[in-house]
Amino acid sequence: MELGELWKKLDSDKLSKPMLGAVHIQKRSKHPVQKLKNLYLTTLAFIVVFLICFFILLFIMNALIVKGGLVLIIITYVLGFATNYSMYRKINVTLPVDRSLKEILQSTHDAIFSNIRFQERTALFFYPIALATGFLGGGSVGSGGNLEKMMQEKIVIIIFVVSIILFTPICYFLAKWLNNISYGKCLAELKSLIEELEKPD
(Lines give C-alpha, C1' and ligand atoms only; values in the text may rest on other atoms or scores of the structure.)
Protein backbone atom coordinates (compact mmCIF):
# COMPACT_ATOMS: atom_id res chain seq x y z
CA MET A 1 0.00 0.00 0.00
CA GLU A 2 1.44 3.40 -0.96
CA LEU A 3 1.92 6.10 1.66
CA GLY A 4 -0.79 8.29 0.15
CA GLU A 5 -3.33 5.46 0.21
CA LEU A 6 -2.40 4.58 3.76
CA TRP A 7 -2.90 8.17 4.87
CA LYS A 8 -6.36 8.21 3.28
CA LYS A 9 -7.21 5.08 5.26
CA LEU A 10 -5.92 6.53 8.51
CA ASP A 11 -7.46 9.93 7.87
CA SER A 12 -10.86 8.33 7.38
CA ASP A 13 -10.58 7.02 10.94
CA LYS A 14 -10.46 10.56 12.42
CA LEU A 15 -6.76 11.01 13.01
CA SER A 16 -5.05 14.31 13.69
CA LYS A 17 -2.82 15.89 11.07
CA PRO A 18 0.61 14.24 10.68
CA MET A 19 3.44 15.83 12.63
CA LEU A 20 7.08 14.77 12.31
CA GLY A 21 6.14 11.60 10.45
CA ALA A 22 3.46 10.48 12.89
CA VAL A 23 -0.29 10.75 13.43
CA HIS A 24 -2.22 10.77 16.69
CA ILE A 25 -5.49 8.84 16.87
CA GLN A 26 -8.31 10.86 18.41
CA LYS A 27 -10.16 9.40 21.40
CA ARG A 28 -13.47 9.16 19.51
CA SER A 29 -11.86 7.56 16.49
CA LYS A 30 -13.19 4.29 15.07
CA HIS A 31 -9.65 3.13 14.41
CA PRO A 32 -9.20 -0.41 15.89
CA VAL A 33 -6.20 0.66 18.00
CA GLN A 34 -8.22 3.40 19.71
CA LYS A 35 -11.22 1.09 20.13
CA LEU A 36 -9.00 -1.49 21.83
CA LYS A 37 -7.60 1.17 24.15
CA ASN A 38 -11.15 2.27 25.00
CA LEU A 39 -12.12 -1.34 25.72
CA TYR A 40 -9.28 -1.67 28.21
CA LEU A 41 -10.42 1.54 29.89
CA THR A 42 -13.96 0.12 30.17
CA THR A 43 -12.57 -3.11 31.61
CA LEU A 44 -10.65 -1.14 34.23
CA ALA A 45 -13.83 0.68 35.21
CA PHE A 46 -15.70 -2.61 35.68
CA ILE A 47 -12.84 -4.01 37.78
CA VAL A 48 -13.03 -0.99 40.09
CA VAL A 49 -16.81 -1.41 40.48
CA PHE A 50 -16.45 -5.11 41.34
CA LEU A 51 -13.62 -4.36 43.77
CA ILE A 52 -15.87 -1.93 45.63
CA CYS A 53 -18.59 -4.59 45.82
CA PHE A 54 -16.16 -7.22 47.14
CA PHE A 55 -14.82 -4.83 49.78
CA ILE A 56 -18.39 -4.18 50.96
CA LEU A 57 -19.09 -7.93 51.13
CA LEU A 58 -15.85 -8.42 53.06
CA PHE A 59 -17.23 -6.31 55.90
CA ILE A 60 -20.75 -7.73 55.68
CA MET A 61 -19.97 -11.47 55.70
CA ASN A 62 -19.21 -13.07 59.07
CA ALA A 63 -17.87 -16.53 58.15
CA LEU A 64 -14.05 -16.52 58.19
CA ILE A 65 -13.80 -18.94 55.26
CA VAL A 66 -15.95 -16.59 53.16
CA LYS A 67 -13.85 -13.61 54.21
CA GLY A 68 -10.73 -15.56 53.22
CA GLY A 69 -12.22 -16.31 49.81
CA LEU A 70 -13.15 -12.66 49.33
CA VAL A 71 -9.60 -11.59 50.20
CA LEU A 72 -8.26 -13.95 47.50
CA ILE A 73 -10.80 -12.58 45.02
CA ILE A 74 -9.82 -9.00 45.85
CA ILE A 75 -6.13 -9.82 45.39
CA THR A 76 -6.92 -11.44 42.03
CA TYR A 77 -8.89 -8.40 40.89
CA VAL A 78 -6.11 -6.04 41.99
CA LEU A 79 -3.63 -8.08 39.94
CA GLY A 80 -6.11 -8.05 37.06
CA PHE A 81 -6.35 -4.27 37.31
CA ALA A 82 -2.56 -3.96 37.25
CA THR A 83 -2.31 -6.26 34.21
CA ASN A 84 -5.01 -4.44 32.26
CA TYR A 85 -3.70 -1.00 33.21
CA SER A 86 -0.22 -1.98 32.05
CA MET A 87 -1.66 -3.11 28.71
CA TYR A 88 -3.71 0.07 28.45
CA ARG A 89 -0.57 2.16 28.88
CA LYS A 90 1.30 0.11 26.28
CA ILE A 91 -1.24 0.70 23.51
CA ASN A 92 0.30 3.49 21.47
CA VAL A 93 -2.17 5.78 19.70
CA THR A 94 0.60 7.83 18.09
CA LEU A 95 1.41 5.98 14.88
CA PRO A 96 4.24 6.60 12.42
CA VAL A 97 3.29 7.16 8.78
CA ASP A 98 6.11 5.10 7.30
CA ARG A 99 7.23 1.49 6.90
CA SER A 100 7.45 0.95 10.68
CA LEU A 101 3.67 1.35 10.98
CA LYS A 102 3.10 -2.31 10.14
CA GLU A 103 5.54 -3.46 12.84
CA ILE A 104 3.88 -1.26 15.49
CA LEU A 105 0.38 -2.42 14.58
CA GLN A 106 1.51 -6.06 14.53
CA SER A 107 3.23 -5.64 17.89
CA THR A 108 0.06 -4.09 19.34
CA HIS A 109 -2.08 -6.92 17.95
CA ASP A 110 0.22 -9.65 19.30
CA ALA A 111 0.56 -8.03 22.73
CA ILE A 112 -3.20 -7.66 23.22
CA PHE A 113 -3.93 -11.14 21.87
CA SER A 114 -1.35 -12.68 24.24
CA ASN A 115 -2.64 -10.59 27.16
CA ILE A 116 -6.22 -11.77 26.65
CA ARG A 117 -5.20 -15.43 26.28
CA PHE A 118 -3.03 -15.17 29.42
CA GLN A 119 -5.94 -13.76 31.42
CA GLU A 120 -8.28 -16.48 30.13
CA ARG A 121 -5.87 -19.25 31.17
CA THR A 122 -5.04 -17.81 34.59
CA ALA A 123 -8.75 -17.25 35.26
CA LEU A 124 -9.18 -21.04 35.33
CA PHE A 125 -7.49 -20.96 38.76
CA PHE A 126 -9.69 -18.06 39.86
CA TYR A 127 -13.12 -19.48 38.97
CA PRO A 128 -13.12 -22.34 41.54
CA ILE A 129 -12.20 -19.87 44.30
CA ALA A 130 -14.91 -17.43 43.22
CA LEU A 131 -17.52 -20.18 42.87
CA ALA A 132 -16.63 -21.71 46.25
CA THR A 133 -16.74 -18.30 47.92
CA GLY A 134 -20.09 -17.50 46.33
CA PHE A 135 -21.55 -20.86 47.32
CA LEU A 136 -20.32 -20.62 50.91
CA GLY A 137 -21.36 -16.98 51.16
CA GLY A 138 -24.87 -17.79 49.99
CA GLY A 139 -24.95 -20.80 52.28
CA SER A 140 -23.88 -18.70 55.23
CA VAL A 141 -26.71 -16.26 54.64
CA GLY A 142 -29.25 -19.02 53.92
CA SER A 143 -28.32 -21.03 57.01
CA GLY A 144 -28.53 -18.04 59.30
CA GLY A 145 -24.78 -18.01 59.86
CA ASN A 146 -24.56 -21.72 60.75
CA LEU A 147 -22.32 -22.61 57.81
CA GLU A 148 -20.49 -25.43 59.63
CA LYS A 149 -23.72 -27.33 60.29
CA MET A 150 -24.88 -26.84 56.70
CA MET A 151 -21.63 -28.26 55.28
CA GLN A 152 -22.01 -31.42 57.38
CA GLU A 153 -24.88 -32.52 55.15
CA LYS A 154 -23.77 -34.93 52.42
CA ILE A 155 -26.10 -33.51 49.77
CA VAL A 156 -24.69 -30.02 50.33
CA ILE A 157 -21.13 -31.31 49.83
CA ILE A 158 -22.17 -33.05 46.61
CA ILE A 159 -23.88 -29.91 45.26
CA PHE A 160 -20.84 -27.85 46.27
CA VAL A 161 -18.36 -30.07 44.39
CA VAL A 162 -20.59 -30.56 41.34
CA SER A 163 -21.23 -26.81 41.09
CA ILE A 164 -17.51 -26.02 40.98
CA ILE A 165 -16.75 -28.80 38.46
CA LEU A 166 -19.70 -27.81 36.27
CA PHE A 167 -19.49 -24.03 36.34
CA THR A 168 -15.69 -23.60 36.06
CA PRO A 169 -15.62 -24.55 32.34
CA ILE A 170 -18.89 -22.69 31.76
CA CYS A 171 -17.37 -19.51 33.19
CA TYR A 172 -14.22 -20.04 31.10
CA PHE A 173 -16.06 -20.41 27.80
CA LEU A 174 -18.45 -17.58 28.67
CA ALA A 175 -15.51 -15.25 29.32
CA LYS A 176 -13.86 -16.42 26.09
CA TRP A 177 -17.08 -15.74 24.17
CA LEU A 178 -17.41 -12.25 25.66
CA ASN A 179 -13.78 -11.49 24.79
CA ASN A 180 -14.39 -12.58 21.22
CA ILE A 181 -17.41 -10.30 20.97
CA SER A 182 -15.55 -7.27 22.30
CA TYR A 183 -11.80 -7.55 21.83
CA GLY A 184 -11.98 -10.19 19.10
CA LYS A 185 -13.86 -7.93 16.69
CA CYS A 186 -11.36 -5.08 17.11
CA LEU A 187 -8.40 -7.44 16.82
CA ALA A 188 -9.85 -8.78 13.56
CA GLU A 189 -10.16 -5.22 12.23
CA LEU A 190 -6.57 -4.51 13.24
CA LYS A 191 -5.37 -7.74 11.61
CA SER A 192 -7.19 -6.75 8.42
CA LEU A 193 -5.40 -3.40 8.40
CA ILE A 194 -2.05 -5.15 8.93
CA GLU A 195 -2.77 -7.48 6.02
CA GLU A 196 -3.46 -4.46 3.81
CA LEU A 197 -0.04 -3.08 4.73
CA GLU A 198 1.56 -6.40 3.82
CA LYS A 199 0.26 -6.25 0.27
CA PRO A 200 2.86 -5.28 -2.32
CA ASP A 201 2.68 -1.69 -3.60
Side-chain angles (χ1 to χ4, degrees), residues 35-91 109-191:
K35 287 198 287 186
L36 285 164
K37 196 172 182 73
N38 291 342
L39 279 171
Y40 269 96
L41 190 60
T42 302
T43 299
L44 290 171
F46 274 110
I47 291 175
V48 170
V49 171
F50 280 114
L51 275 172
I52 293 172
C53 293
F54 292 136
F55 270 112
I56 293 173
L57 286 173
L58 184 62
F59 290 99
I60 292 177
M61 304 304 295
N62 295 319
L64 288 178
I65 190 170
V66 177
K67 285 181 176 290
L70 286 169
V71 168
L72 290 176
I73 291 174
I74 289 171
I75 292 172
T76 303
Y77 266 75
V78 169
L79 293 175
F81 182 92
T83 300
N84 282 282
Y85 182 71
S86 176
M87 192 69 247
Y88 171 80
R89 292 290 302 273
K90 288 179 181 177
I91 299 176
H109 176 280
D110 294 345
I112 295 175
F113 182 84
S114 298
N115 176 262
I116 292 171
R117 290 295 172 264
F118 170 76
Q119 292 192 62
E120 288 175 348
R121 288 192 295 269
T122 54
L124 282 171
F125 298 96
F126 163 76
Y127 294 136
I129 297 174
L131 289 167
T133 302
F135 184 93
L136 294 173
S140 178
V141 174
S143 64
N146 198 346
L147 184 60
E148 184 178 350
K149 181 179 179 181
M150 184 193 80
M151 294 303 294
Q152 290 176 351
E153 298 182 21
K154 186 177 181 180
I155 185 64
V156 175
I157 298 293
I158 294 173
I159 295 173
F160 175 71
V161 174
V162 170
S163 297
I164 293 176
I165 294 174
L166 179 64
F167 284 102
T168 293
I170 290 177
C171 290
Y172 170 78
F173 287 110
L174 178 60
K176 196 175 183 68
W177 176 69
L178 291 173
N179 282 335
N180 285 332
I181 290 178
S182 53
Y183 290 96
K185 182 180 179 181
C186 294
L187 285 172
E189 291 176 4
L190 183 56
K191 187 66 176 177

If you compare all heavy atoms of [X] against all heavy atoms of [Y], which two are closest, and at what distance to 0.1 Å?
X      : Y      : answer
Met151 : Phe135 : SD-CE2, 4.4 Å
Gly137 : Met61  : O-CE, 3.4 Å
Thr133 : Gly69  : OG1-CA, 3.3 Å
Ser163 : Leu131 : O-CD1, 4.4 Å
Tyr40  : Ile91  : CD1-CD1, 3.7 Å

How long is the span from the [atom1] atom in [X] to the [atom2] atom in [Y], to the nearest 0.5 Å?
X      : Y      : atom1 : atom2 : answer
Ser182 : Asn38  : OG    : CG    : 12.5 Å
Lys185 : Leu190 : NZ    : CG    : 14.5 Å
Glu120 : Arg117 : CD    : CZ    : 4.5 Å
Met87  : Ser114 : CE    : OG    : 9.0 Å
Thr168 : Tyr127 : OG1   : OH    : 9.5 Å
Phe173 : Ile170 : CZ    : CD1   : 10.0 Å

Can you see whether Tyr183 engages Asn115 through a side-chain donor-acceptor pair at a distance of less than 3.5 angstrom?
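Checked: Tyr183/Asn115 side chains show no N/O donor-acceptor pair below 3.5 Å.
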Under 3.5 Å donor-acceptor, Thr43 side chain and Leu39 backbone
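Answer holds: yes.
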Short side-chain to backbone donor-acceptor contact, Thr76 and Leu72, under 3.5 Å
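Side chain of Thr76 to backbone of Leu72, a donor-acceptor pair under 3.5 Å: yes, one is there.
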Does any non-hydrogen side-chain atom of [Y] lie less than 4.5 Å from one of [X]?
X      : Y      : value
Lys90  : Ile112 : no
Leu51  : Ile47  : yes
Leu136 : Phe160 : yes
Phe59  : Leu70  : no

Could you list the residues that satisfy salt bridge (Lys or Arg N to Asp or Glu O under 4.0 Å) with Glu189, not counting sequence neighbours?
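Here the qualifying residues are Lys35.
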Does atom [atom1] of [X] have more than 12 heavy-atom neighbours, drawn from other residues, nucleotides or ligands, at distances under 6.0 Å?
X     : atom1 : value
Asn62 : CG    : no
Ile74 : CD1   : yes
Phe50 : CZ    : no

Residues forming a ring pair (Phe, Tyr, Trp, His ring centres under 6.0 Å) with Phe126, sequence neighbours excluded:
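Per chain and number, Phe126 pairs via ring pair (Phe, Tyr, Trp, His ring centres under 6.0 Å) with Tyr77.
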Can you name the one residue among Asn180, Leu36, Asn179 that meets side chain to side chain contact (heavy atoms under 4.5 Å, CB included) with Leu187?
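Of all the options given, the one that passes is Leu36.
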Quick check with a 6.0 Å cut-off and a 45 degree axis cone: is Arg121 positioned over the face of Phe118's six-membered ring?
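The answer is no; the distance or angle limit is not met.
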